[in-house]
2 protein chains.
Amino acid sequence: MTNQSKFTVSCGQCGLNELCLPHALTAQEIDQVDSIVKRSKPLQRGEYLYNTGEVFSSIYAVRSGSIKVFTIDDEGEEQVIGFYLPGELLGLDAIDSKLHMSTAKSMETSSVCEIPYDSIEDLSATIRNLQVHMYRVLSREIRVDQELQMLLAKKTAEERIGAFLMNLSLRYEQRRLSSTRFRLPMARSDIGNYLGLAVETVSRIFTRLQTMGVLTVEGKEVEILDRNALCNVAHSREVA
Amino acid sequence: MTNQSKFTVSCGQCGLNELCLPHALTAQEIDQVDSIVKRSKPLQRGEYLYNTGEVFSSIYAVRSGSIKVFTIDDEGEEQVIGFYLPGELLGLDAIDSKLHMSTAKSMETSSVCEIPYDSIEDLSATIRNLQVHMYRVLSREIRVDQELQMLLAKKTAEERIGAFLMNLSLRYEQRRLSSTRFRLPMARSDIGNYLGLAVETVSRIFTRLQTMGVLTVEGKEVEILDRNALCNVAHSREVA
DNA sequence: CGATTTGTTGATCTTACTCAATAATCGTGG
DNA sequence: CCACGATTATTGAGTAAGATCAACAAATCG
């Protein structure tokens with residue numbers, strides 16, 4: 001257990017990067033955590049992990065693939081809440097009400113770990129550092145949500161797309177994947193929905209960013225050519 | 001300890017409605033919780049509870065008055081994250097990083113309780129129901145933030161204001177205050193900032209809602225005349 | 001009581017949405 | 001493997017919701 005990034009895969013069979021603080025839990029404690037984790041069978045594209053209205057019993061950690069989480073509003077419209085990548089935890093929003101108020105759908109073939117919430121409550125009552133870590137995970141989710149709020153309240157379409165791509169780039173980087181070349185697992189309509197933009201706007205801005213030489217997009221494949229410029233786009237600064 | 005609403009004031013000197021589950025903690029446990037709470041001196045309008053960049057050491061519970069929480073973006077602009085009323089907890093977003101990434105400013109004469117975070121970690125490791133409750137409080141904050149995301153991503157200016165006022169109305173009701181007549185502690189510019197709207201738009205929609213007979217506004221005093229109609233405004237339904 | 005901040009209203013402009021048409025991609029079955 | 005329809009993405013033209021600019025009114029404060 002070195003002081004490597006907490007995003008490093010570390011947690012035995014479960015791969016719970018987010019759930020484990022490599023330098024905070026003993027090997028024995030990690031075994032205990034592993035023992036409560038259920039490894040689920042892979043999800044196919046379009047399959048649901050949980051549905052709005054279902055009773056909450058577990059949180060989930062993405063092992064591979066990617067999961068889209070969304071709510072359904074009064075008119076039955078989807079509102080995308082977030083996209084979850086390997087190592088990230090889903091379902092934290094249901095702990096309070098014990099009912100899922102959102103739906104989680106696999107965007108590609110994915111595998112997830114199921115972690116019964118009761119077991120987390122039990123185990124974190126005995127493993128002090130697990131409790132501490134859960135508080136941090138929940139707190140981080142709050143901060144991530146607040147950043148999105150700022151994006152939606154204040155930023156232009158171009159800034160939103162720029163920030164969205166930068167965010168993805170950073171998250172892939174943390175997972176030791178290419179930060180400049182990756183595949184968008186979600187549809188344009190999901191991006192638009194998430195960022196509060198029309199599909200057409202998403203499309204137009206992708207092409208605009210291409211024209212500017214910031215990146216290339218071919219279908220779902222993105223290559224970031226000028227990360228610095230993209231960062232400027234995300235922060236409403238002029239690009240040379 | 002009856003099964004009264006968890007919003008009922010219950011927690012000895014601290015008034016921590018949110019922090020206490022009346023029916024889940026024993027009287028002795030409540031005493032323990034009370035003992036870690038520091039009662040702070042009142043804050044004057046405009047005073048800061050904590051500032052962006054400061055080291056995080058405590059969370060705070062509003063006892064009376066109201067607190068505005070906002071971040072500062074790249075250009076030094078405020079982005080309002082939320083308004084906190086009596087019984088609500090602030091500072092949860094800093095647990096992860098141990099640094100305040102936002103600023104909390106009193107909107108009127110307010111009093112707050114300071115609760116050292118280390119003590120919460122300690123106490124929730126021994127009081128099982130406090131741990132359970134903290135998870136729920138954090139989870140609820142996540143869900144509240146997600147609802148705002150939906151508001152910002154999808155709703156029109158009128159719907160946002162409608163939902164904002166309905167939300168305030170409900171929160172006052174939970175606090176046993178009038179749900180139809182209350183004072184807006186924040187400036188119009190704060191409302192606009194929070195909802196992603198220009199001040200002028202907020203103003204215009206207030207007058208429009210008045211013309212529609214849904215409510216009356218006089219400065220900061222609001223009276224909701226037709227709560228049903230306001231609810232419809234908030235949910236993009238036609239108002240008769 | 002004047003000065004400064006805060007709120008309202010009007011006129012104009014801009015961004016991003018809507019509608020519409022076309023193109024590309026995906027999935028399925030022959 | 002290719003052909004088919006269906007979904008998804010791109011591009012264009014017109015529109016609308018809300019922003020911005022500007023002037024004025026009202027409230028707040030010293």
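Labels below follow one simple rule: chain letters A, B, ... track the order of the sequence lines, proteins then strands, and each chain is numbered from 1. The shown structure was predicted, so the numbers you read here are calculated from the model rather than taken from an experiment.
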Legend entry - Charged N-O contact under 4.0 Å between Glu88(B) and Arg175(B): yes
Legend entry - Whole-Å distance separating the CD1 atom of Ile205(A) from the C1' atom of dT11(D): 14 Å
Inset, instruction - Look at all strands and tell whether Gly46(A) reaches a base, only sugar-phosphate, or nothing, counting heavy atoms closer than 4.0 Å. - result: nothing
Inset, instruction - For Arg208(A) and dA9(D), give me the distance from atom CZ to atom P, rounded to whole Å. - result: 19 Å
Inset, instruction - Could you tell me the separation between the CG atom of Leu184(A) and the C1' atom of dT25(C), rounded to a whole number of Å? - result: 15 Å
Legend entry - Partner set under side chain to side chain donor-acceptor pair (under 3.5 Å) for Lys105(B), not counting sequence neighbours: Tyr48(B)
Legend entry - Atom pair CG (Leu43(B)) and OG (Ser64(B)), whose distance is rounded to the nearest 0.5 Å: 9.5 Å
Inset, instruction - Could you tell me the separation between the CG atom of Leu197(B) and the C1' atom of dT20(D), rounded to a whole number of Å? - result: 14 Å
Legend entry - Nearest-Å distance for atom pair CG/C1', residues Leu151(A) and dA16(C): 15 Å
Legend entry - Length of the line joining Gln210(A):CD and dT11(D):C1', which is rounded to integer Å: 14 Å
Inset, instruction - For Ala198(B), answer base if it contacts any base atom (sugar-phosphate contacts may also be present), sugar-phosphate if it contacts only those atoms, and nothing otherwise; contact means non-hydrogen atoms under 4.0 Å. - result: base
Inset, instruction - Starting from P on dA9(D), measure out to CD on Glu221(A) and report it in whole angstrom. - result: 14 Å
Legend entry - Minimum heavy-atom distance between Gly213(A) and Asp226(A), given as atom pair plus value: O-CB, 4.3 Å
Going by atom type alone, with no hydrogens or angles, which donor-acceptor pairs under 3.5 Å involve a side-chain atom of residues 66-74 of chain B and a protein atom two or more places apart or on another chain?
unit_1: Ser66(B); atom_1: OG; unit_2: Glu108(B); atom_2: OE2; d: 2.4
unit_1: Lys68(B); atom_1: NZ; unit_2: Glu78(B); atom_2: OE1; d: 3.2
unit_1: Lys68(B); atom_1: NZ; unit_2: Asp190(B); atom_2: OD1; d: 2.9
unit_1: Asp73(B); atom_1: OD1; unit_2: Glu75(B); atom_2: N; d: 2.9
unit_1: Asp73(B); atom_1: OD1; unit_2: Gly76(B); atom_2: N; d: 3.2
unit_1: Asp73(B); atom_1: OD1; unit_2: Glu77(B); atom_2: N; d: 2.9
unit_1: Asp74(B); atom_1: OD2; unit_2: Lys155(A); atom_2: NZ; d: 3.4

Legend entry - Nucleotide-resolved protein contact map, nucleotides 3-9 of chain C, B/S/- at heavy-atom distance under 4.0 Å: ----SBB
Legend entry - Check ion pair Glu200(B)-Arg204(B) (N to O, under 4.0 angstrom): no
Inset, instruction - Return the angle between end axes of the helix from dC1(C)-dG30(D) to dC26(C)-dG5(D), with five pairs used per end and rounding to 10°. - result: 50°
Inset, instruction - Round to the nearest Å and state the distance from Ile191(B) atom CD1 to dG18(D) atom P. - result: 16 Å
Legend entry - Contacts of type side-chain contact (heavy atoms from CB on, under 4.5 Å), residue Ser178(A), not counting sequence neighbours: Thr180(A), Arg181(A)
Inset, instruction - Would you indicate what Gly196(A) reaches in the nucleic acid, counting non-hydrogen atoms under 4.0 angstrom: base, sugar-phosphate, or nothing? - result: sugar-phosphate
Inset, instruction - Over 60° means perpendicular and under 30° means parallel, so classify the ring planes of Tyr50(B) and His100(B), tilted if in between. - result: parallel
Inset, instruction - Sort and list the pairs that fulfil salt bridge (Lys or Arg N to Asp or Glu O under 4.0 Å) and have at least one residue in residues 207-221 of chain B, not counting sequence neighbours. - result: Glu158(B)-Arg208(B)
